Amino acid sequence: MTSYVILPAPQASVPVAGTADRFPVHRIYCVGRNYAEHAKEMGFTGREPPFFFMKPADAVLPVAAGETGHMPYPTLTANLHHEIELVVAIGKGGANIKAQDALQHIWGYAVGLDMTRRDLQNDMKKQGRPWCIGKGFETSAPIGPITPVAQAGDVEKAAIWLQVNGADRQRSNVDKLIWNIAETIEHLSAAWTLQPGDLIFTGTPEGVGAVVRGDVLEGGIDGLGSLRVALT
């Protein structure tokens with residue numbers, strides 16, 4: 001029996017839709033600028049090769065079905081942005097996975113938010129430094145229950161949306177991904193060996209913007225339910 005010199009951190013996990021089970025989180029990968037219209041609003045055009053960044057596993061803020069998650073407004077920022085995303089949960093690991101085989105590695109899907117300290121991210125971009133301070137802070141990855149593949153419906157053609165205080169901010173369709181789910185897994189698994197428990201935030205559509213304390217964010221993806229988060 002292993003003896004640790006300090007108490008290990010609790011295992012980060014996400015609820016599974018319709019059950020009391022939990023999905024243990026290994027790593028969180030995120031795809032940058034993966035919807036054409038979002039790329040344009042960020043000052044980029046064209047189908048560039050996919051690129052990735054990461055968040056710590058314990059950045060997840062799991063929110064059970066029908067509940068409201070509470071996210072503390074983070075420190076050091078005056079420009080916190082929302083980014084609604086389809087999240088892919090990996091159930092079978094592997095390296096150099098081909099696109100035609102990629103869907104066999106997926107356990108399920110969820111609705112997630114990639115919360116971003118945009119001012120800090122932009123400062124890092126200008127200085128040519130990593131984005132970690134803008135993307136990888138505590139509770140920066142709110143996420144709803146994971147729906148198993150068999151119950152998720154046609155995710156690749158699902159509507160995706162986000163409202164802030166009841167007003168539309170983001171509304172698109174997953175079929176507008178520049179790099180689809182299978183292609184994303186192929187590219188990602190060429191750089192890292194994917195493991196069971198990995199989460200992939202697949203990118204956000206256009207309409208990202210700032211939120212403040214007291215705002216309530218509610219987003220969803222057809223077939224996967226909704227995610228509701230209040231900023232405190």
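Both backbone and side-chain heavy atoms feed into the values below; hydrogens, waters and symmetry mates do not. Worth saying up front: this structure is predicted, and the values here are computed from it rather than measured.
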Connected via hydrophobic side-chain network under 4.5 Å: Y73 and V63: yes
Could you pull out the closest heavy-atom pair between G219 and I84, with the gap in Å? CA-CD1, 4.0 Å
With distance as the sole criterion, is a donor-acceptor pair present between the side chains of Q121 and H81 under 3.5 Å? no
Shortest non-hydrogen contact between A158 and I221, atoms and distance: CB-CG2, 3.7 Å
Heavy atoms only: give me the nearest P205-Y35 pair and the separation to one decimal. N-CD1, 3.5 Å
Report the distance from atom CZ of F52 to atom CD1 of I200, rounding to the nearest 0.5 Å. 8.0 Å
Taking every non-hydrogen atom, the tightest pair across Y109 and L103: OH-CD2, 4.5 Å
Inter-residue atom distance L188.CG - T202.OG1, 0.5 Å rounding: 11.5 Å
Could you verify whether a donor N or O on one side chain and an acceptor N or O on the other, from R22 and S13, lie under 3.5 Å apart? yes
Value rounded to 0.5 Å, distance of NZ in K135 from CG in D114: 3.5 Å
With L227, which of L217, V87, L113 fulfils side-chain contact (heavy atoms from CB on, under 4.5 Å)? L113
Should V149 and I185 be regarded as members of a common hydrophobic cluster, given that ILVMFWY residues are connected when their side-chain heavy atoms come within less than 4.5 Å of each other, either directly or indirectly? yes
Are any of the side-chain nitrogens in K176 or E206 under 4.0 Å away from the carboxylate oxygens of its partner? no
Check: I146 and L199 side chains under 4.5 Å, non-hydrogen atoms: yes
Check whether F201 and F137 end up in the same hydrophobic cluster, where Ile, Leu, Val, Met, Phe, Trp and Tyr are linked by side-chain heavy atoms less than 4.5 Å apart. no
Residue from N79, L80, V216, N165 passing side-chain contact (heavy atoms from CB on, under 4.5 Å) with V211: L80
Answer yes or no: is there a donor N or O on one side and an acceptor on the other, between the side chain of R118 and the main chain of A210, under 3.5 Å? no
If you round to the nearest 0.5 Å, how far is NZ of K92 from NE2 of H105? 4.5 Å
Partners meeting salt bridge (charged side-chain N to carboxylate O under 4.0 Å, His left out) with E218 (sequence neighbours left out): R228
Are the side chain of D58 and the backbone of A12 linked by a donor-acceptor contact shorter than 3.5 Å? no
To the nearest 0.5 Å, tell me how far D222 CG sits from W161 CH2. 9.5 Å
Closest approach of P72 to T232 (non-hydrogen atoms, all atoms of both residues): CA-OG1, 3.4 Å
Tightest non-hydrogen contact, residues A99 and A182, listed as O-CB, 3.4 Å
One should read off an interatomic distance between N96 CG and H187 NE2, to the nearest 0.5 angstrom, of 12.0 Å
Is F23 linked to V60 within one hydrophobic cluster, defined over Ile, Leu, Val, Met, Phe, Trp and Tyr using a side-chain heavy-atom separation of less than 4.5 Å? yes
